[in-house]
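Structure first, then comments.
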Amino acid sequence: MEWRRTHFCGVVTEELAGQEVTLNGWVNRRRDLGGMIFVDLRDRFGLIQIVFDPSNLSEEVFAQAEQLRSEFVIAVQGLVQLRPEGQANPHLPTGKVEVHARNLTILSQAKTPPFEIERAEAVDESLRLKYRYLHLRSRELQDAIALRHGVMQEARNFLNKHHFLEIETPLLIRSTPEGARDFIVPSRVHPGEFYALPQSPQMFKQLLMISGFDRYYQMARCFRDEDLRADRQPEFTQIDVEMSFVEREDVMSLMEEMILHIIEKIKGITINGPVPRMTYDEAIRRFGSDKPDTRFGLELVDLTDLLQGSGFRVFSSTISQGGAIRGLNGETCGNFTRREIDELADKAEQWGAKGLIWMAVEEDKVRSPIAKFLTEEELQAIVGRLQGKPGDLLLIVADEYKLASEVLGRLRLLLAERLGLIPEGRYDLLWVVDWPLLEYDEEAGRYVAAHHPFTAPVDEDLALLESDPGRVRAKAYDLVMNGVELGGGSIRIANRATQEKMFKALGMSMEEAAAQFGYFMEAFEYGAPPHGGIAFGFDRLVMLLSGRDSIRDVIAFPKTVSARDLMIDAPAPVSAGQLNELKIKMQD
RNA sequence: GGAGCCGUGGUGUAGUUGGUUAACACGCCGGCCUGUCACGCCGGAGAUCGCGAGUUCGAGUCUCGUCGGUUCCGCCA
């Protein structure tokens, strides 16, 4: 028979009734009634029921149909007919019709798969990853990967329309000391020297601005040799964007338009701009996070001023050391058991707090292990400031301001989840702006870039770069969606003098800076336009839009948390010959 | 680097205070079955309980180690 298809399985609907079709696909399921066989045929577009009815079939074809098993690849030629009265399947888009087979070709037999494709979601992840090509046959992953494609195309459509050029940058580049651990690649031609895979195309895209391309984007593959998480893979994709002759507002307004465009096209949800902006300081103060989830309340409050001169040593000593007393009202959590509260306290300590203070608000009193150390006025002031009502559980952390805030910020997320306060199906966007340019790294004993070393300082803070680096704000912005950092960017430094100051603030000597970044700073001397950009975590964006909770689900061939590919079994040793050629010796 | 959880036929699970035939569902194989769609009915095969030590008369069950998966902390400019 001529086996090449005329239609996709998933599109065979009543409009095709009466037509002769040829379909190709996989046997999703067969129902052999003895005298009659039904087969659900599957392709990317869906399922269609095939009927093998011996009354209008040759014996040979029926006998062949009896041989069919799950995941056989077949071609079926037959007649599309409306199903008999009362036999429609409302669960299938193709459920009003069926294809009465006349001819069948088995294109490929299949072993019984290690798991049922339809139930793959429940199977142990290591088995699914080993047979990723089978898991990918499932409806869930087919949809996720198709959605990924859609998001990528919509991003391209939008950027193309706004005069961006898609330009590729090299994957074999130079290792730089700042930032994440690089994957390094040895060079046969230059033994003892190594390329690095890019953590992002940062300097290349800036150089493209200096080259005059004005607007660049790339679906950039990026690599970081750091430990994995549900939302972190060692290789991932960014929507990488850079623009010339722009200020912060230009980048933010265009990029939020892009994200809103994608959400509208992909999810059919219209969100009206502009996306709210919040300073970094406000985010920490109100939410204890630089990427606040604004889909619910439970905001933090400050209690420091209420507890000046408190007789309770934890409070007084924290305040005298310049720390803060911060609080969070765990509404309706007053009925938490001792064990549940201890769990919260354990978490708080795990996150670096010295302890967690709690107060259960009751009708006529406040129940708390520290109640006896506080005056009635102090207790009432705390309850008042936190708007505690009977049944509430007040959580308090006394510590260095940022640490106390962040610990409570994490508890806030924990409680919101436990209390079911997080609404489904909502996409809350927020720009976080005015980031600190530098953060002091105790371990390294120096300042490190909060964003990256090419971020421009806010103009009026420029002078502080040498006198008080920790207080310099950056022309940086992060786009946050539902408490997930979707992307971040900044206006860049575009002149040599400022870039040199930045490297100096990072504790780099001029010699080191010249050795690492000399080519880059030299480029600034040949006419560099003011420029800035942003990079979005593409996998995370797709994860959020597909309602998944791991980026593994939206990457065709992901790695495990230990960075292995279980399908191809990578990484793997290489031959002694390969190592020889690279002049690499293994240590024991 | 650290912590938690999981690992029992092909798959998902159950397995009591440690006690001798390791159970159930799905899948698979065979038989019957002409309107099923999670088809049904009957029968069958299939597991040294991730691996290695230890405790014990006896370990799927307890202990330690180890491997794998996963979640989180550190890390990820």
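The model shown is predicted, which means the values in this text are computed figures rather than measured ones.
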Now, which nucleotide makes the Watson-Crick or G-U wobble pair with [N], with each of the two distances under 3.5 Å?
N     : value
B:C62 : B:G54
B:A3  : B:U71
B:U34 : none
B:U17 : none

Take atom [atom1] in [N] and the same atom in [M], then report the distance between them in whole Å.
N     : M     : atom1 : result
B:A59 : B:G52 : P     : 14 Å
B:G43 : B:G50 : P     : 31 Å
B:G10 : B:U48 : P     : 7 Å
B:C49 : B:G9  : P     : 10 Å
B:U13 : B:G58 : C1'   : 27 Å
B:C26 : B:G40 : P     : 8 Å
B:A22 : B:U8  : C1'   : 8 Å
B:C28 : B:U11 : P     : 14 Å

Pair A:Lys96 + A:Glu14: basic N to acidic O under 4.0 Å: yes
Any pair counted as salt bridge (charged side-chain N to carboxylate O under 4.0 Å, His left out), so long as it reaches residues 27-36 of chain A, sequence neighbours left out: A:Arg29-A:Glu118, A:Arg31-A:Asp40
Using a heavy-atom cut-off of under 4.0 Å over every strand shown, decide if [X] touches base, sugar-phosphate, or nothing.
X        : answer
A:Arg128 : nothing
A:Ser200 : base
A:Pro453 : base
A:Val561 : base

For [X], enumerate each residue passing the salt bridge (charged side-chain N to carboxylate O under 4.0 Å, His left out) test, keeping only those at least two apart in sequence or located in another chain.
X        : value
A:Glu66  : none
A:Arg174 : none
A:Glu400 : none
A:Arg232 : none

Heavy-atom donor-acceptor pair, A:Arg83 side chain to A:Glu98 backbone, under 3.5 Å: no
A:Met521 backbone acceptor or donor facing A:Gln499 side chain under 3.5 Å: no
Under-4.0 Å side-chain N/O to phosphate OP1/OP2 contact, [X] with [N]:
X        : N     : value
A:Arg29  : B:C39 : yes
A:Arg232 : B:C72 : no
A:Arg410 : B:C73 : yes

Comparing A:His91 and A:Ser562 on RNA chain B - which has the more 5′ nearest nucleotide: A:His91
Of A:Asp231 and A:Glu226, the one whose closest RNA chain B nucleotide lies more 5': A:Asp231
side-chain contact (heavy atoms from CB on, under 4.5 Å) against A:Thr498, all qualifying residues, sequence neighbours excluded: A:Pro457, A:Leu462, A:Ile493, A:Asn495
Sequence-distant partners of A:Asp468, side-chain contact (heavy atoms from CB on, under 4.5 Å), two or more places apart: A:Leu464, A:Arg471
Contacts under 3.5 angstrom, residues 349-356 of chain A side chains, donor-acceptor by atom type, not counting sequence neighbours:
{"from": "A:Lys354", "atom 1": "NZ", "to": "A:Asp399", "atom 2": "OD1", "distance (Å)": "3.0"}
{"from": "A:Lys354", "atom 1": "NZ", "to": "A:Asp399", "atom 2": "OD2", "distance (Å)": "3.3"}

Parallel, tilted or perpendicular: rings of A:Phe454 and A:His452 (30°, 60°): tilted
ring-ring contact (aromatic ring centres under 6.0 Å, His included) against A:Phe524, all qualifying residues, sequence neighbours excluded: A:Phe520
Taking [atom1] from [X] and [atom2] from [N], how many angstroms apart are they, rounded to a whole number?
X        : N     : atom1 : atom2 : result
A:Glu125 : B:U11 : CD    : P     : 15 Å
A:Ile37  : B:G40 : CD1   : P     : 16 Å
A:Asp549 : B:U71 : CG    : P     : 8 Å
A:Phe115 : B:U13 : CZ    : C1'   : 18 Å
A:Arg540 : B:C76 : CZ    : P     : 14 Å
A:Glu406 : B:G74 : CD    : C1'   : 14 Å
A:Leu127 : B:G50 : CG    : P     : 16 Å
A:Lys111 : B:G27 : NZ    : C1'   : 16 Å

Reading 5' to 3' through nucleotides 28-36 of chain B, protein heavy-atom contacts under 4.0 Å coded B for base, S for sugar-phosphate only, - for none: SSS--BBBB
Sorted by number, the residues of residues 468-477 of chain A with heavy-atom contact under 4.0 Å to RNA chain B: none
Nearest-0.5 Å distance, CG of residue A:Leu300 to OG of residue A:Ser289: 9.5 Å
Taking only N/O atoms, report every protein-nucleotides 1-9 of chain B pair under 3.5 Å with atom names and distance.
{"from": "B:G1", "atom 1": "O6", "to": "A:Asp227", "atom 2": "OD2", "distance (Å)": "3.4"}

